[in-house]
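Keep in mind it's a predicted model, so treat the numbers as computed, not measured. Hydrogens, waters and symmetry mates play no part in the numbers below; they use all other heavy atoms, side chains included.
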Amino acid sequence: MPRSDQPFDPDTIHFGPPGQLGPVAGVRPESLFGYYELERSERFATEQARRFHSEYVGAWYRLLDGYYRSLDVPRVHGQYEPWVTIWKILRLGISAAKGALDATLAGYYVGAFGDIRQMAEYWFGIEHLKLNHASISGYYAAEEGQQQVRLPNMGARIREVLDAFAPGGVAADANRDKFAQFVNKTYKRMSDGHHLDGLALVQTGDPNDPGYFLGAGYHESLAKEAFYHGTKLTAVLGLTAAYHMAPLNAQSSSLAQEIDAAMHDALALA
């Protein structure tokens with residue numbers, strides 16, 4: 001992670017104006033038209049999303065901040081073991097969370113739904129690994145001459161976690177059961193939006209509208225779906241990161257409180 005000895009100063013953030021599109025070496029100038037139109041629609045969709053959903057965007061910024069700072073620790077050393085593997089999964093999760101926010105703002109909802117669905121899979125993968133430490137071998141390539149260990153498919157891992165936390169399960173816990181059901185609902189809904197079906201096709205435009213969209217386009221109900229589920233899963237993984245990294249991060253407790261507060265603010269917008 002990029003690090004600096006200087007304190008963070010928001011006033012110094014400057015991404016600069018959008019660069020002018022021009023011919024790239026070896027690329028015919030006329031081939032830029034399609035890219036230009038896609039870029040223009042993306043920026044238009046982003047402006048609309050930020051204007052209409054500023055509170056959701058603000059909550060998601062706060063969640064990403066807490067998640068990032070939870071993982072912002074000195075390099076983790078260790079062999080392939082569950083604790084280190086969970087740390088690696090959480091690092092994948094923050095990339096998915098940032099990608100989901102960017103795709104939601106830009107109006108690429110199918111992509112956003114896919115990232116959010118992936119975040120749910122990461123959470124279930126972490127919980128499954130906690131319940132089955134021996135499955136660690138399935139996360140890494142087998143050594144030469146050894147047979148590759150195959151993990152159960154994601155559906156089976158999700159089912160095992162849900163059963164374990166449910167009443168009568170091997171790790172029955174009312175709070176964790178509620179959390180697992182919470183994540184599973186998002187997993188199912190985002191699967192509906194990510195796969196090729198009616199929900200995914202909604203972003204191509206209203207069938208009663210003679211126009212059509214190519215590329216990005218702002219769609220109110222899809223944006224709300226992505227903002228609601230995206231903030232929710234960013235919070236879930238952020239809290240998981242805060243608690244998991246507690247041995248290396250003295251701020252974990254305060255970060256968990258910040259993440260929890262941002263999550264409640266986001267859920268209140270639903």
### Query
Taking the inter-plane angle between the rings of Trp83 and His244 on a 0 to 90° scale, is it parallel (under 30°), tilted (30 to 60°) or perpendicular (over 60°)?
parallel
### Task
Count the heavy atoms belonging to other residues, nucleotides or ligands that lie under 6.0 Å from NE2 of His264, then report whether that count exceeds 12.
no
### Message
Please check if the number of heavy atoms outside Glu37 that lie under 6.0 Å from its CD is greater than 12.
### Response
yes
### Query
Is Arg91 close enough and on-axis enough to Trp87, meaning under 6.0 Å and within 45°, for cation-pi?
yes
### Message
So, using side-chain contact (heavy atoms from CB on, under 4.5 Å) as the criterion, who are the partners of Ala270 when residues are at least two apart?
### Response
Tyr56, Tyr228
#### Entry: Contact check, side chains of Met190 and Asp115, non-hydrogen atoms, under 4.5 Å
no
### Query
Would Thr85 and Tyr140 count as a side-chain hydrogen bond (donor to acceptor under 3.5 Å, both in side chains) if you check the C-alpha gap in whole Å, the side-chain angles of each, and the deciding distance to 0.1 Å?
CA-CA 10 Å; Thr85 302; Tyr140 301 99; 2.6 Å; yes
### Task
To the nearest 0.5 Å, tell me how far Leu233 CG sits from Trp123 CH2.
10.0 Å
### Message
Under a plain distance cut-off of 3.5 Å, with no hydrogens placed, do His229 and Tyr187 share a side-chain donor-acceptor pair?
### Response
no
### Query
Does any non-hydrogen side-chain atom of Tyr139 lie less than 4.5 Å from one of Ile89?
yes
Residues 96-113, side-chain donor-acceptor partners within the protein, below 3.5 Å, at least two apart:
| from | atom 1 | to | atom 2 | distance (Å) |
| --- | --- | --- | --- | --- |
| Lys98 | NZ | Asp102 | OD1 | 3.1 |
| Lys98 | NZ | Asp102 | OD2 | 2.7 |
| Thr104 | OG1 | Ala100 | O | 2.7 |
| Tyr108 | OH | Glu42 | OE1 | 3.2 |
| Tyr109 | OH | His219 | N | 2.9 |

### Task
Taking all non-hydrogen atoms of both residues into account, name the closest pair between Ala172 and Pro167 and its distance.
CB-CA, 4.4 Å
### Message
For the backbone of Leu38 and the side chain of Ser41, can you confirm whether one donor and one acceptor N or O come within less than 3.5 Å of each other?
### Response
yes
### Query
Closest heavy-atom contact between Ala45 and Gly217?
CB-C, 4.1 Å
### Query
Can you check whether Arg69's main-chain N or O pairs, donor with acceptor, with Asn249's side chain at less than 3.5 Å?
yes
### Task
Step by step, work out the salt bridge (Lys or Arg N to Asp or Glu O under 4.0 Å) result for Glu47 and Arg43.
CA-CA 6 Å; Glu47 281 190 28; Arg43 294 187 185 190; over 6 Å; no
### Message
Has Ser252 got a side-chain atom pairing as donor or acceptor with Tyr243's backbone, closer than 3.5 angstrom?
### Response
no
### Task
Following the transitive rule for hydrophobic clusters with a side-chain heavy-atom cut-off under 4.5 Å over Ile, Leu, Val, Met, Phe, Trp and Tyr, establish whether Leu239 and Leu267 coincide in one cluster.
yes
### Task
Answer yes or no: is there a side-chain heavy-atom contact under 4.5 Å between Leu71 and Tyr67?
yes
### Summary
Heavy atoms of Ser70 and Ile259 approach each other most closely as OG-CD1, 4.1 Å
### Message
Same cluster or not: Ile86 versus Val84, using hydrophobic residues (I, L, V, M, F, W, Y) connected whenever any side-chain heavy atoms lie under 4.5 Å apart?
### Response
yes
### Query
Is there a donor-acceptor pair closer than 3.5 Å between any side-chain N or O of Gln148 and the backbone N or O of Ala142?
yes
### Query
Is there side-chain contact between Glu81 and Ile136, with heavy atoms separated by less than 4.5 Å?
no
Distance-only criterion, 3.5 Å: show the donor-acceptor pairs between side-chain atoms of residues 152-161 and protein atoms not counting sequence neighbours.
| from | atom 1 | to | atom 2 | distance (Å) |
| --- | --- | --- | --- | --- |
| Asn153 | OD1 | Gly155 | N | 3.2 |
| Asn153 | OD1 | Ala156 | N | 2.7 |
| Arg157 | NE | Pro152 | O | 2.9 |
| Arg157 | NH2 | Pro152 | O | 3.3 |
| Arg159 | NE | Asp163 | OD1 | 3.3 |
| Arg159 | NH2 | Asp163 | OD1 | 3.3 |
| Glu160 | OE1 | His128 | NE2 | 3.3 |
| Glu160 | OE2 | Asn132 | ND2 | 3.0 |

#### Entry: Atom pair CE (Met245) and CG (Leu248), whose distance is rounded to the nearest 0.5 Å
5.0 Å
## Note on the structure
Smallest heavy-atom separation, Leu64 atom then Ile94 atom, equals O-CD1, 4.2 Å
### Summary
CZ (Phe124) and CD (Glu121) are apart, to the nearest 0.5 Å, by 10.0 Å
### Query
So do the side chains of Glu258 and Leu255 get within less than 4.5 Å of each other, counting heavy atoms only?
yes
### Task
Could you tell me whether the side chain of Asp173 and the main chain of Phe165 form a donor-acceptor pair under 3.5 Å?
no
### From Met119 atom CE to Leu92 atom CG, the distance as rounded to the nearest 0.5 Å
12.0 Å
### Query
What's the spacing between Glu143 CD and Ser137 OG if we round to 0.5 Å?
9.5 Å
### Task
Of all the heavy-atom pairs spanning Leu131 and Ala171, show the shortest one and how long it is.
CD2-CB, 4.0 Å
### Task
Please say whether more than 12 non-hydrogen atoms of neighbouring residues, nucleotides or ligands are located less than 6.0 Å from NZ in Lys188.
no
### Query
Can you find a pair of side-chain heavy atoms, one from Tyr218 and one from His53, that are under 4.5 Å apart?
yes
#### Entry: Non-hydrogen atoms of Val236 and Val183 that approach each other most closely
CG1-CG2, 3.9 Å
### Message
With rounding to the nearest 0.5 angstrom, report the CG to CD distance, Leu162 to Glu127.
### Response
10.5 Å
